[in-house]
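Here is the structure we will look at.
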Protein chains: 8
Amino acid sequence: MDANRLKTLLEQVRTGEVTPDAALDQIKTLPFEDLGFAKVDHQRALRMGVPEVIFGPGKSPEHFVEIFDRLAGRGNTVLATRVSQEQVALTLTRFPQVEHNPTARTLVLRQGSQEKLGKGTIGIISAGTSDIPVAEEAAVTAEVMGNDITRLFDVGVAGLHRLLSNSDVLRQARVLVVCAGMEGALPSVVGGLVSVPVIAVPTSVGYGAAFGGIAALLGMINSCASNVSVVNIDNGFGAAYVASLINRL
Amino acid sequence: MDANRLKTLLEQVRTGEVTPDAALDQIKTLPFEDLGFAKVDHQRALRMGVPEVIFGPGKSPEHFVEIFDRLAGRGNTVLATRVSQEQVALTLTRFPQVEHNPTARTLVLRQGSQEKLGKGTIGIISAGTSDIPVAEEAAVTAEVMGNDITRLFDVGVAGLHRLLSNSDVLRQARVLVVCAGMEGALPSVVGGLVSVPVIAVPTSVGYGAAFGGIAALLGMINSCASNVSVVNIDNGFGAAYVASLINRL
Amino acid sequence: MDANRLKTLLEQVRTGEVTPDAALDQIKTLPFEDLGFAKVDHQRALRMGVPEVIFGPGKSPEHFVEIFDRLAGRGNTVLATRVSQEQVALTLTRFPQVEHNPTARTLVLRQGSQEKLGKGTIGIISAGTSDIPVAEEAAVTAEVMGNDITRLFDVGVAGLHRLLSNSDVLRQARVLVVCAGMEGALPSVVGGLVSVPVIAVPTSVGYGAAFGGIAALLGMINSCASNVSVVNIDNGFGAAYVASLINRL
Amino acid sequence: MDANRLKTLLEQVRTGEVTPDAALDQIKTLPFEDLGFAKVDHQRALRMGVPEVIFGPGKSPEHFVEIFDRLAGRGNTVLATRVSQEQVALTLTRFPQVEHNPTARTLVLRQGSQEKLGKGTIGIISAGTSDIPVAEEAAVTAEVMGNDITRLFDVGVAGLHRLLSNSDVLRQARVLVVCAGMEGALPSVVGGLVSVPVIAVPTSVGYGAAFGGIAALLGMINSCASNVSVVNIDNGFGAAYVASLINRL
Amino acid sequence: MDANRLKTLLEQVRTGEVTPDAALDQIKTLPFEDLGFAKVDHQRALRMGVPEVIFGPGKSPEHFVEIFDRLAGRGNTVLATRVSQEQVALTLTRFPQVEHNPTARTLVLRQGSQEKLGKGTIGIISAGTSDIPVAEEAAVTAEVMGNDITRLFDVGVAGLHRLLSNSDVLRQARVLVVCAGMEGALPSVVGGLVSVPVIAVPTSVGYGAAFGGIAALLGMINSCASNVSVVNIDNGFGAAYVASLINRL
Amino acid sequence: MDANRLKTLLEQVRTGEVTPDAALDQIKTLPFEDLGFAKVDHQRALRMGVPEVIFGPGKSPEHFVEIFDRLAGRGNTVLATRVSQEQVALTLTRFPQVEHNPTARTLVLRQGSQEKLGKGTIGIISAGTSDIPVAEEAAVTAEVMGNDITRLFDVGVAGLHRLLSNSDVLRQARVLVVCAGMEGALPSVVGGLVSVPVIAVPTSVGYGAAFGGIAALLGMINSCASNVSVVNIDNGFGAAYVASLINRL
Amino acid sequence: MDANRLKTLLEQVRTGEVTPDAALDQIKTLPFEDLGFAKVDHQRALRMGVPEVIFGPGKSPEHFVEIFDRLAGRGNTVLATRVSQEQVALTLTRFPQVEHNPTARTLVLRQGSQEKLGKGTIGIISAGTSDIPVAEEAAVTAEVMGNDITRLFDVGVAGLHRLLSNSDVLRQARVLVVCAGMEGALPSVVGGLVSVPVIAVPTSVGYGAAFGGIAALLGMINSCASNVSVVNIDNGFGAAYVASLINRL
Amino acid sequence: MDANRLKTLLEQVRTGEVTPDAALDQIKTLPFEDLGFAKVDHQRALRMGVPEVIFGPGKSPEHFVEIFDRLAGRGNTVLATRVSQEQVALTLTRFPQVEHNPTARTLVLRQGSQEKLGKGTIGIISAGTSDIPVAEEAAVTAEVMGNDITRLFDVGVAGLHRLLSNSDVLRQARVLVVCAGMEGALPSVVGGLVSVPVIAVPTSVGYGAAFGGIAALLGMINSCASNVSVVNIDNGFGAAYVASLINRL
């Protein structure tokens, strides 16, 4: 029951078609979200150009394409992350227009408004080359959500000059996504060089005591730079999502 | 705005005192819980004889008594857990009728209905003597929530005969709360002996690799007995709370 | 040796057929459970409609079917959980009447009494679609153990309206099983909405710092709702088992 | 050496006052940050109204006041966090105009520009009353950094109605800081209700398997809401710092 | 009810003094351990010269002495471990004949048989001087349980010559207790030098990543020497207990 | 250089064949173990009937057989543990007389003395059927090392009657090896029933929070029974090795 | 822009060819490292005979060879570590002169100066045969970096005589790399025998509570020998790198 | 028995004073280290100017001074670390000439040779001011062991300019000790700037998820800079010890 239906009901009360008691009963038994005054504004995100998102792992290619199809039917841009080779193959037979980014492991079907919603640039930074898939997932997500992005890859802390000689990328971004594995030190260093928000993404890159990204996660959570906040291990999508919301402000 | 007020509003719509549009505006701007159809039934617990509860740690004696006073004013039984010596002393000067159980570290002010809500007996079991404070917290909580209880203390698995020779306690209970530290094996053994729900409480009793109750918690979560579920370390209150809800069924 | 046999023996002592010494020897050499006074009442569960259960993992299809066959021979309902494709295929060739639930990964052979032992409804809730296999395992188990169940799936905390607009499911259940991965927050939210026992099942759904269900397990053990108790990660069977015992009270 | 001084030096080279060799030597021996092309723009934060900050723990009252005095001398607002009773007492004898917030455990000396730099409101939310000190630290920090703030305290997930009936606070904020201990579920729930960035702060509130905030931290890092990023346990200051940077955009 | 009493009962059945039904009732209502066929031989340990043991921590001096008194009344040797200064002081006023070992933190009251039950020597070895309290607890326990012991202290692996030049201690022992903190390497080295059982005791000695004995515990559990088994951190008592049982064989 | 050679050298010194200086040089440059006074008595184990042992994992079948061949050449019994199908197949083609135990995953080639070195029986106990491979590895090892063994399998704590009705196995053993996964409670229960040494083997059986045997390991290390010591997860070999040394005393 | 170019620029300012403003602009827009005063001396390592290094895992054979080719083009020795069979096969078809060490899992292409840069010998020690791949990686790395090396393998602490009878290897080394898994005790023992730096490498060898090298890592970090420092699990390359830098001093 | 005594013995064999058999017996019964061919060269460290060291924690002031006295009697420099106020006070009354460094928490009694054994400078670097006690412990240790040192404190990664503008300290050191808490990123950054060995010291500085230094330890062990090796948390002494051995080469 949306606002229109509620208004109709009230109108019917006014005209005497429906008694107040009957109206009360109807209102009481409806789920509150149908009342149309939506305290829970779950439609807002959709209106703001957030794509439909599918998380690939654990879905059979057939099931994956079925979901993809259903979401595509809503008319919005569809973004699939962490897609497998099999999911890609089957999807492309059905949706040849889909863009596949093999590094980011993403599929994108562009639909609806492609408006630039971001007001500035989001800088996407990776510490090593092995972190690039996560950084690319962030880049694709941010781009699909209507942002200009700049990439700055392979600028880890053990070769500081690479980072410093590209400081213009840092300076010009309105918000930064920084992906790093192993000791996860890059967000702290970047955070100390800029005064904009830094979204840190620990990656599962590393071996031994890297513990699949835990060392990097701990490093970032304990960052001595005050402008750093952290998302889950390998969560390039989430970091770009947060950065996009910030960049729209 | 409760149901009465909503009905009045609808009545006013019927009589033309209030236009449908104005009514719609009023309904839309109200918090939904005031609408009186209370999907969120947060009053139910209160009606069922659950006491007001204060968790003692971290509260200054003055602040503690102030909260105690305010809750007592609502007319329900008040239960305070993990109370310190200082909190007890100050409370007793203000509320001499309060019952202090030094082993359980609880204070109880009995008020309102003292109805027996539990339909059977809750068995409260402890593995060692050091687990008794947690078990007593459970016992006091269960008793305050209107249950008959039986205690069976110091019947740990390394002396199985103590447990087995008291099997009538196990047999007669409708639900069991089992407190154990160290390896936390008792709930599994008890669970294998009965066919009623067992609420397991890991305690922080032990040293070295007991890790303040983690070993016991892991033991209980991995119980090979299917009728065991687990609450937080030292959470005698929570176990008795769950057991009380079960015993009312 | 049950009570009858013991009585017969005593009768024989009375009549002089058996000497006291011979009787003493017989009593002493028997396992105590055979004495018939069953301190360890391991038969009770069976009498109460609990099925025979097989845990699939780690068993070869041949060995699996052999166990299935043996248990089926006892005349009770047989429930197999976490079955593999191979175990299913081989079992169905032998027991075509077995019901296979591919989502729950269960096999059920119904035999003996199919009495409704549960007195109310068990609500089975899942946070996300990926948690459904665990929730379905709980649903099948609860149903096989003689309960009415209601399913409420994909109502995770990040979309609260889905949960709230189905609050009747919560309201009508006598006990709830709530399955959630990732941060495992759903049992706390559900626990705050109801005043019946909530059995929380952490699932291994998630990635990165989800640590195969540890994050969800910790979240549930630390629940701020007092009516929540917890079983092992992915243990839908155990949760339904506990819920069934509660629902019979 | 800033750009002006470098230009003067070049002018002197042009006029012959300084030889190229002498100029080269001067340039080479200076720390690069003095060269005025400041790739490392560590002055920017200061210009943007960020206060001078002192972290209280581990400093003797004398040492604390000495640092406070030195920072105050720079003319900026000074913020001290996690101050002890002793640090407060000694500081107030020296700086009677300092504002002490005992709940937040902060000291603030307002100096220089008190401009409103934030463009909207920062919502500061706490799950329980025990989380308020961390939330207040965030509130004081955000306010000192030039933001309007709204507080919404004690709205934990086990009593969802408290949160939902205050949804206007959520709706009106440009960015949210959400503090929660125990299972740390509140940021996920809040994140699902809004479409602005949520900065989650795990607190060390809880006991047993709360592990001093680890359970809450894991819960937040694994949040199923995509607009959540996380800072360190009890780091109210850091969360407000990030939120302030976002609110200035 | 022991075998004699059961026989008497059966005799009474035979003579008609007691009816079979009455006998059946008596047998059924008795705890099974009283039936005299004692599957659970919990008296055996006592008969073998195991002392009564009190674990000091967490007991008030008054409560401690009360327990001490009660155990002493049974006529066996009493051993108290991890005793506090206050417990010692109060106990000595009541039992002046008690032996206090301040390094081992033990109290011993010798009573009853002081027979040498151990057939050989137990070697008690410590890696560093800080491990000596744990080693002394083991030494006192082993001695009280009727064993000859040899001490070999401060022979850690970083000074191998100290160990090797005392290899006669190793050679002559029938079983070894080896206490070590930090990396816990000594049991592996000792285990490689002897062919008797080695009971390893990790101690909480160390700092930083020693984690209160976890590093040592892990080291010992992973020992590459096959004759090593492990007890809990700082559990000198337990190690000596196991060693004593072995030495009696 | 053994004692004979050293004596010969000294004889040559006596006769003048070798000068003292030349003898000194020879003695100094030899590895000390060759001096024949064997402080490091690494030959003792061998003399006592300990088999040659190969740990299968990580070895190619070819490499495995090569090692097997070399060890067999020394004339002692050879025991290979955790052997793969491929290792078995290739070994049997070369050594048809080798005994393969597929449950224990062992290969045994009997050679040399097959003397009974153990003085009593070693009881090998498993909690569940899934723990049997580890228990069988212990059984094969103990048997190869010259011990009589009794098996008692599938007697976990959730069905205590199975354990109690076989208490004669416990009573008659001189030392016990107890294998259990999940919560690892069985060694504590067994330890409380007997007064002989119990060697506890945590197994990796379980799922979820069993953490591959960590829960069981922690449970066993924290055992409230004082006669329990612990070896590594799944280390059936090591437990039997320790038990064998004990049984020879 | 190096010092020469900067001097030229200043000269042009002097002569009036370039105005001070234009010069200022040029200086400001250049990356600081190009200024020629190179605070960040990232070229130094290269000049010192450090090879180009490729970490194999996660790279497709094609991508691997492409990187190999590019690095080879710089004229320096190329070292690839942890190479897969596929990477080796493809590389050898393109670079037949490459040396493949299958145990170390390395590829080496020797180019440029092969000078002996190390001043003494680096001892490479392994505890067990399973640790040899890590030790060999260290050996190859150290050799490629211009060092003499001695290998001492399979000298673990459970067979101390093997280590002690080869003490000349220890004595003659200028720095030692010690690789060990399981309890990781060897570096402590070696550290106690020598007075040169010991670089400890925990390996992932072991099972159960070895936790993939964590037990060994903790053991080494807690070493009671003061001359031990530690690198990551299985990081033979890193250990040899550090040792090589030390050996050049 | 040293080489001289052994030679004398051989001489006696030659002259017939001692029979070969008697000589053999003497040699066999002596501890091998007395044989004078000292495979275990535990005297070497002492000869190289390593001070006698006392670790303060856990020692009573009286016991501490007693040990100090005994070590001082050997004529070498004595270094005490982590000393308490009480230990300092008592020691200074007995040894007024002792140097007390309250920041480093060290006591030093200089005796014997004060030779400069280090060939270059050891750079001691700290990330924050809270890390200075650990860095000072390293500085005092390195200085006492005969090294020139340079301090560079409070140059953490969030303010990179402070580090870079002091790069001469980095450039001139022969080996570096880098102390950092929180995320522990500084050693990686420093390691990337230099080509000498970096000894990383994690400190327990930080809060929340810093876990008393674990986050920093993990960060350093996973360093992406190849010239970094790590010692225990807060182990400034150990780092300086390793650095001193390196600086002597």
Side-chain angles (χ1 to χ4, degrees), chain B residues 126-131 154-165 167 170 178-195 198 200 202-230 233, chain F residues 126-131 154-165 167 170 178-195 198 200 202-230 233:
Chain B
S126 92
T129 54
S130 307
D131 303 313
D154 197 17
V155 293
V157 299
L160 216 52
H161 53 286
R162 294 175 299 185
L163 179 67
L164 295 177
S165 60
S167 59
L170 305 183
V178 184
C179 308
M182 303 174 79
E183 77 267 64
L186 188 57
S188 291
V189 171
V190 169
L193 295 175
V194 301
S195 54
V198 172
T203 73
S204 54
V205 167
Y207 62 90
F211 300 145
I214 300 179
L217 171 58
L218 286 181
M220 292 171 181
I221 280 288
N222 286 292
S223 176
C224 52
S226 297
N227 50 348
V228 173
S229 64
V230 188
I233 297 164
Chain F
S126 92
T129 54
S130 306
D131 304 312
D154 196 18
V155 294
V157 299
L160 215 52
H161 54 287
R162 295 176 297 185
L163 179 67
L164 296 178
S165 61
S167 60
L170 305 183
V178 183
C179 308
M182 302 174 81
E183 77 267 63
L186 189 57
S188 291
V189 172
V190 169
L193 295 175
V194 301
S195 54
V198 171
T203 74
S204 54
V205 167
Y207 61 91
F211 300 144
I214 300 179
L217 171 58
L218 287 181
M220 293 171 181
I221 280 287
N222 286 290
S223 176
C224 52
S226 297
N227 50 348
V228 173
S229 64
V230 188
I233 297 165

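In what follows, chains carry the letters A, B, and so on, assigned in the order in which the sequence lines appear, proteins first and then strands, with residues in each chain numbered from 1.
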Could you walk me through whether V157(F) and V157(B) pass the side chain to side chain contact (heavy atoms under 4.5 Å, CB included) check?
CA-CA 10 Å; V157(F) 299; V157(B) 299; over 6 Å; no
With a 3.5 Å distance limit and no angle check, can you tell me whether E183(B) reaches the backbone of A185(F) through a side-chain donor-acceptor pair?
no
Among G181(B), G206(B), G156(B), A215(B), which residue forms the greatest number of heavy-atom pairs with chain F at distances under 4.5 Å?
A215(B)
Once rounded to the nearest 0.5 Å, what's the spacing between atom CD1 of I214(B) and atom CG of L218(F)?
8.5 Å
Which portion of Y207(F) sits near chain B, non-hydrogen atoms under 4.5 angstrom:
backbone
N222(F) and A209(B) have their tightest heavy-atom pair at ND2-O, 2.9 Å
